[in-house]
Amino acid sequence: MLTQYNDEKTMRLEESVVSSRVRLARNVAGYPFPGRMNTEQKTELLERLEALSQEDGFRQNAGDLTWIDLSTADKRAKSLLLEKHLISPHLFALPKFRAVMTGLNERISVMINEEDHLRIQGFSGGYDLEGAYIIAKNVDQAFEKVLEYAFDAKKGYLTSCPTNLGTGLRASVMLFLPALAKDKQLAEESERLSCAGYTLRGFYGEGTKSQGAVFQLSNQVTLGVSEEEILAQLENTAAELVQTDWRLMADWSPAERFVRENQIWKSFGLARYAKGLTLEEAVAITRDLRLARRMQLDMPLIRDIKGFNNIVYRMQPAHLSIDAAVDRTERLKRRAILIRETLLADE
Amino acid sequence: MLCGKCKQREATVHIVRMSGKDKVQMDLCPVCAEKYYGKMKDNIAFSQEGSALLKAILANPEQFGIMFTGGADEKRCPVCQTTGKIIRKTGLAGCPECYRVFAKELQPVIDKVQKAGAHCGYVPEGMLLTLEKRNTIQELQKEIAELIEREEYEDAAVIRDKIRVLEENDADAI
């Protein structure tokens, strides 16, 4: 049985939002921002925060968070953190004097000494910005009790980059937009959104081109709006985009429909019979399997869309090497098995 | 001078751009200049994040009607030693104090990349207390001044002790 929904709008959103994320940028008063800190200051802040993370009072408020010193973590561990978005490419590339705290089944991460002293991130699967915000806010408030933040009544939280001032809040949703991805309207939409204070970009690959038809939509404006407004407006904007995408799909010509269906069946064949798959191939397959479900084609369809969202992470190189350092051939094989088993489980 | 691009029309627009460490000067006719700005605008519209927009603004402030000149490059924050030049290059402030030191230069940039005006979101709990405490102390100080004027020194001393307690608590909190 496919998932049951209360109304069409919710159904479309739940089908299209892959994940939600909220990030809060915070700095500790009394230090320069990380870009202008000297070695002693970086070390001092790191030690102070590590000690803090062990304190009972803090742990009671923030929950159990694991401290990972990135300067001593091995490459595989770091790659895994990167693929899960728990750390940024910036932290991955320059791990010295940097750390990350994670917890709540990896639904929370606190990057230390990134562009700001603290980058608190809350994650949630599917359409759940509020859930992601609550997770991040909880840890933020735990820090707030024991640290003095750099804060200004007019400019709000003081951040390294002026684009994060005010709330320091950047919210983003990953959207599956298969119709818009191949439509000339995409450029128009991106520009319109940019003018309205949002950023839409491809999740895989460069710029607005998106192989997996998954896009990241996030707010640009952080000052002069409240946290609740940012979240509510982003939700509205996401809902509009999703509606546009479904409308475009409904307008496909028979020829366009054939092209898509043909592509889906090809992917289905690959998913079922391939002995090895590259990441690029796997991305295309997940896109097509998702689309098949949306088009309600007469074929084995994914039943658990929320579970399927995890595949995005699990098919990446470091995830496929979790138990052991495996070579490329082994990864190709493992990826093919992962996709095939997910599909078979649903057949 | 002829336009560097079409080499046909007279160059009336002169653009100086930083390309890495090099200064690139372009002399363009109005037609080519408009095309150039159009392209720039597109690039900005498709910028991946707000910080990219910010960097574009800081690289070419005049194009956005922002003046980042008049010795701003040489100005230095007394706390973190960051100069205006560094801010313009990185797009990042050096420390909280920079926002005060470079207020004149940064405010127009903030107005461009942000919506408007003042913070209207969450205020940290500790901050609320500090603000409240500061207000209380100010009121008590006024009271002391009045009492001293009326030569009621004993009462003034009581209030002075109250302020001391408040201030000591503040130090503990930090």
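To find a chain, count down the sequence lines: A is the first, B the second, and so on, and within it residues start at 1.
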Checking B:I110 against chain A: side chain, backbone, both or neither under 4.5 Å from a heavy atom?
-> side chain

Does any heavy atom of chain B fall under 4.5 Å from the side chain of A:N219, the backbone, both, or neither of them?
-> neither

Do B:P96 and A:F151 touch side chain to side chain, with heavy atoms closer than 4.5 Å?
-> no

Sequence-distant partners of A:N38, side chain to side chain contact (heavy atoms under 4.5 Å, CB included), two or more places apart | A:E40, A:Q41

Would you indicate whether the side-chain heavy atoms of B:Q107 and A:K155 approach each other to under 4.5 Å?
-> yes

CG of A:L223 to NE2 of B:H119, rounded to nearest 0.5 Å, is 8.0 Å

At their closest point, which heavy atom of A:R36 faces which heavy atom of B:Q81, and how far apart are they?
-> NH2-O, 3.4 Å

Would a 4.5 Å heavy-atom cut-off, applied to side chains only, mark B:Y99 and A:L165 as touching?
-> yes

Is a side-chain donor or acceptor of A:E115 paired with a backbone partner of B:L92 at a separation under 3.5 angstrom?
-> no

Between B:P124 and the options A:R26, A:E144, A:K145, A:Q141, the side-chain contact (heavy atoms from CB on, under 4.5 Å) test singles out A:E144

Can you name the side chain to side chain contact (heavy atoms under 4.5 Å, CB included) partners of B:D155, sequence neighbours left out?
-> B:L147, B:E152

Does CD in A:E229 sit with more than 12 non-hydrogen atoms of other residues, nucleotides or ligands closer than 6.0 Å?
-> yes

Is the number of heavy atoms from other residues, nucleotides or ligands under 6.0 Å of B:K75 NZ greater than 12?
-> yes

A:K137 and B:Y122: which non-hydrogen atoms are nearest, and at how many Å?
-> NZ-CD2, 3.0 Å

Under a 4.5 Å heavy-atom cutoff, which of A:L193, A:L147, A:T167 has the most pairs with chain B?
-> A:T167

Find the distance between OG1 (B:T90) and CZ (A:F33) and round it off to the nearest 0.5 Å.
-> 11.5 Å

In Å and rounded to the nearest 0.5 Å, what is the NZ to SG distance from A:K154 to B:C120?
-> 13.0 Å

Do you know which of A:A150, A:G168, A:G166 has the most heavy-atom pairs under 4.5 Å to chain B?
-> A:G166

Crowded around A:D56 CG? As in, over 12 foreign heavy atoms under 6.0 Å?
-> no

Please say whether more than 12 non-hydrogen atoms of neighbouring residues, nucleotides or ligands are located less than 6.0 Å from CZ in B:R100.
-> no

Highest number of heavy-atom pairs under 4.5 Å with chain B: which of A:G35, A:P34, A:S226, A:S160?
-> A:S160

